[in-house]
Structure formats: C-alpha cells, structure tokens
Engineer: 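I'd like to ask you about the structure that follows.
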Amino acid sequence: TVSSEGHPDDRLGLVLFGGTSVESPLDGVNFFKQRGANAAPWAGPVATALIDGTFIGGTSVGAGTTNGKSRLDGVDALTGDTAIVLFTDGEQNRPPCIIRDGETLSPTNRQYPGQPAGVTYLDQCAIAAAASSANPLELNGTTLSSGVLPRGPIYTIGLGEGGMAASAVLLDEISQETAGSATFPNNGIALDTSFIDSLVNNLKGGTVTLLDRSAGQLLDGNAVSAPMTFAIDPSLTRATFVLSWEGTSREVSLVLSQPNGSQVTSAISSGGPNFRVVTVNLPANGPAGDWKAVVRNQSQGAVSYQVSA
C-alpha cells in the first residue's frame, strides 16, 4: 500500500467467512484500501473482526464469494481489472451453496473430521445426486461464471480440509469456470507463496513484480543462510523483501547488502511473530544491481524459511 509501488488505483478488500460472511475494512473504515491511503497496519482491524466471531461456525464458500462479487459489482469497470482470491481451509457445508445446474441439495449428517466416532455435523450443501460436469456451477440460482468479464476471475486456494477430496474438486472447478487457477499449499510457507503470487499477479497492470524467491532451513545456534541474490533493475524506485518462517520464534532476522557489499541499516522495516518485511528506497538506500539477503537464526530450534522480493 505504498504510493510509489504499482499503480495508485490498486485497491484491496477483505471478506472473512465461516457459516456467514463479514467485511473487514483493512484501514478500519473503508472496504477497499487504496495504495498509500493509510499507513496503519492491517492487523488491528482484521483482529477486531475475528474477535467478533459472529460469522464463525461452518464453511460457506458461497457467502464469501457472494460478498466479494457484490463488492466488485460496484467498481467502475473503467477503473481497471478486478479479481477474487478465495481461500478456505474447510469444505463448504453452509448455504448459499455452489452446486451444478440441475443438482438438488440433500442435507446430510457427516462424521466430523478428526473427532471421535459419533461426533457429526450437518452438511447443508450435500447434494442428492451429482449432475454432469458439463452443467455450469451456480450460486444463488445464477451461473457462477456470469459477469466474470470484465469483473475478472476467481483464484482459489485450499488448505487442510479445503484442499482435500470434494472440496479440492469444487475449488478447482470454480477457478476453471471463472478463468482463474487453483492452488493447494501443504504448509504455512507454501500458503504464503500462494497468497503472494495471487495478489502480485492480479494487481492492476502487473506493475508490482515478484523479483525472486528462495526457501531453505536453518539449524539453531546462530545459523546463517547462504547469500541470496536479487537483481534490482534501475527502473525500480522501491524494493520490498519479505521473510517468513514456520513457528513463532522472534529470533530470526533478515540482513540486506547493497551491490557494493555494504550492509543496509536505514531501510523501512516491520515484523511479527513469524515474518519480517524490509523495504528499501532506490537510490536513497542503495543503487540498482545485485542485492544480497541472508537469514540469521538465533532461536533454539531449526527454522524453515522463505524470502521473497
């Protein structure tokens, strides 16, 4: 959300969904957060929405999708391309349900995953009989793909139950029928990668570019990674490096060096329990060329990490 990156009209909105859906304004006020409009971190408003918890209980992929599509319907088509990135870690079981034309719902009690025998839940999105895959997916009685152009595709990400069996099939079909793509990460770092790729690739005009990515593992005891090289083009005015790792250790750091080998000390940085973000302005913090980054682990255990720029 920095004005000098990408296009000034880039905007991002967030919808949280469980049994129902709620909008979570990233700046605490407006649904769409415009690039550079507010420097306040997103964590506060999102945490507030999560604490509310009124939407939690079950998984309504349809509710989240309906909410997201309705927000995009209000965007001027001339403003630019739009897209939805849909993430779920569960299988849809609450209406509105995304089903194929010709299918009828048949609510069914199912065994709750990971719970003792006899612990069940009501799957309100179960169908009586599957229709042909040639029949289009529908949501609220309307073909899901209608309005995709010029409104853009739906990119799906499934994790845990959301990436297994019937749920994975549904997410794959949603993305196929709306000209998107599906991703099924199997751990936290892969999930970070999926979100970064989906958001970067769909920002207006493709003006934010993923330079490179590297991943690895460090043992404890002040272990340091091999230097990772990121080629920064002279046309760039800002570069952002993101380090994430599994776990909540705070003793992991990211060290950047300019092309001449000098360590960067004046960059803009922020972080949390399992991530660090460092932004450098060019040429104020250094010239274009081959920048290097190293990860240092000073925690008591091994750390699996990923660095993107």
Side-chain angles (χ1 to χ4, degrees), residues 1-90 92 94 96 139-140 147-148 150-157 159 162 174 178 180 191-192 194-205 207-208 238 240 242 244 268-275 277 279:
T1 62
V2 179
S3 298
S4 61
E5 295 176 4
H7 192 284
D9 283 336
D10 285 344
R11 287 180 288 170
L12 183 68
L14 178 65
V15 172
L16 305 174
F17 67 89
T20 58
S21 69
V22 296
E23 298 176 358
S24 180
L26 295 174
D27 61 3
V29 179
N30 304 298
F31 177 75
F32 285 112
K33 183 176 177 66
Q34 190 165 0
R35 183 177 300 282
N38 191 318
W42 300 354
V46 174
T48 299
L50 290 172
I51 290 173
D52 174 64
T54 55
F55 64 95
I56 296 175
T59 302
S60 180
V61 175
T65 303
T66 298
N67 201 330
K69 285 173 67 70
S70 69
R71 275 297 188 169
L72 293 184
D73 286 341
V75 176
D76 184 348
L78 296 178
T79 300
D81 298 332
T82 60
I84 292 175
V85 179
L86 171 66
F87 162 75
T88 181
D89 63 349
Q92 72 163 351
R94 292 287 185 89
L139 175 58
N140 295 319
V148 167
R151 287 303 169 202
I154 299 177
Y155 293 83
T156 59
I157 301 173
L159 183 69
I174 289 172
T178 61
L191 177 59
D192 289 347
S194 299
F195 270 118
I196 290 172
D197 286 350
S198 296
L199 293 177
V200 167
N201 289 338
N202 287 288
L203 284 173
K204 182 176 179 181
T207 49
V208 174
R238 179 179 290 249
T240 299
V242 181
S244 62
I268 304 170
S269 63
S270 63
N274 57 358
F275 73 93
V277 179
T279 298

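Sequence positions, counted from 1, serve as the residue numbers for this chain. Atom set for the values below is all heavy atoms of this structure, side chains included, hydrogens, waters and symmetry mates excluded.
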Engineer: What is the distance from atom CD1 of I84 to atom OG1 of T65, rounded to the nearest 0.5 Å?
Structural biologist: 6.5 Å

Engineer: Can you name the residues that form a side chain to side chain contact (heavy atoms under 4.5 Å, CB included) with F32, not counting sequence neighbours?
Structural biologist: R11, R71, L72, V75

Engineer: What residues form a side chain to side chain donor-acceptor pair (under 3.5 Å) with T66, not counting sequence neighbours?
Structural biologist: N140

Engineer: The criterion is side chain to side chain contact (heavy atoms under 4.5 Å, CB included); which residues satisfy it with N30, sequence neighbours excluded?
Structural biologist: D27

Engineer: Between E23 and P25, what is the shortest heavy-atom contact and its length?
Structural biologist: O-CD, 3.5 Å

Engineer: Which pairs of donor and acceptor atoms, one on a side chain in residues 57-64, lie under 3.5 Å apart (sequence neighbours left out)?
Structural biologist:
unit_1 : atom_1 : unit_2 : atom_2 : d
S60    : OG     : A63    : N      : 3.1
S60    : OG     : R94    : O      : 3.2
S60    : OG     : P95    : O      : 3.1

Engineer: Is it the case that the side chain of T178 and the backbone of I154 share a donor-acceptor pair, with hydrogens and angles ignored and the cut-off at 3.5 Å?
Structural biologist: yes

Engineer: For residues F17 and F87, report the shortest heavy-atom separation together with the two atoms involved.
Structural biologist: CZ-O, 3.4 Å

Engineer: Hey, what do you get for CG (D89) to CD1 (I157), rounding to the nearest 0.5 Å?
Structural biologist: 12.0 Å

